[in-house]
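Following: one structure in structure tokens, then a few remarks.
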Amino acid sequence: IPPSNIVLYGRSLGSGPSSYLAAKSAREGNSVAGLILHSPFLSVYRVVVDCGVTLVGDMFPNLNHLPNIRCPVLIIHGTKDEVVPFWHGQ
């Protein structure tokens, strides 16, 4: 299946691998068709500590992948999420 026929979906922790794959496919010149992020976070560490920078060892620095994503992105995030703060999805 060509990447242009794939829409990635990531919910919460799954937003990390989905964002990574969307950015990777775009860098390789074969962007996926779309990306749906449900309750995404900026980075794993920033959910716990709002440090303002990407820390060494952060497995899912979604914020760093966003500039490389070249497909339409839909973000779904509830305002009363008690795990991932709403502002991570803004």
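- Contact check for Phe60 versus Ser15: no side-chain heavy atoms found under the 4.5 Å cut-off.
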If you apply the rule side-chain contact (heavy atoms from CB on, under 4.5 Å), what do you find for Leu35 with Leu74, and how did you get there?
CA-CA 6 Å; Leu35 174 62; Leu74 171 64; over 6 Å; no
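- With a 6.0 Å radius and a threshold of 12 heavy atoms from other residues, nucleotides or ligands, Arg11 has its CZ atom at or below the threshold.
- Among residues two or more places apart in sequence or in another chain, the side-chain hydrogen bond (donor to acceptor under 3.5 Å, both in side chains) test is passed with Ser19 by none.
- Ser39 and His77 get closest at one heavy-atom pair: CA-ND1, 3.4 Å.
- Cluster annotation: Ile36 and Ile75 are assigned to distinct hydrophobic clusters (Ile/Leu/Val/Met/Phe/Trp/Tyr, side-chain heavy-atom contacts under 4.5 Å, transitive).
- Taking hydrophobic clusters as Ile, Leu, Val, Met, Phe, Trp and Tyr residues chained together by side-chain heavy-atom distances below 4.5 Å, Ile76 shares a cluster with Val7.
- With rounding to the nearest 0.5 Å, the separation of CG in Asn64 from CG in Leu42 is 10.0 Å.
- Residue Phe41 comes nearest to Asn62 through the heavy atom pair O-ND2, 2.8 Å, listed as atom of the first residue, atom of the second, then distance.
- Note that the CZ atom of Arg27 and the CZ atom of Arg70 stand 10.5 Å from one another [nearest 0.5 Å].
- Of all non-hydrogen atoms in Ala33 and Pro72, the two that sit nearest each other are O-CD, 3.3 Å.
- Test Ile6, Ile69, Leu8, Val32 against Ser25 for side chain to side chain contact (heavy atoms under 4.5 Å, CB included) and you get one pass: Val32.
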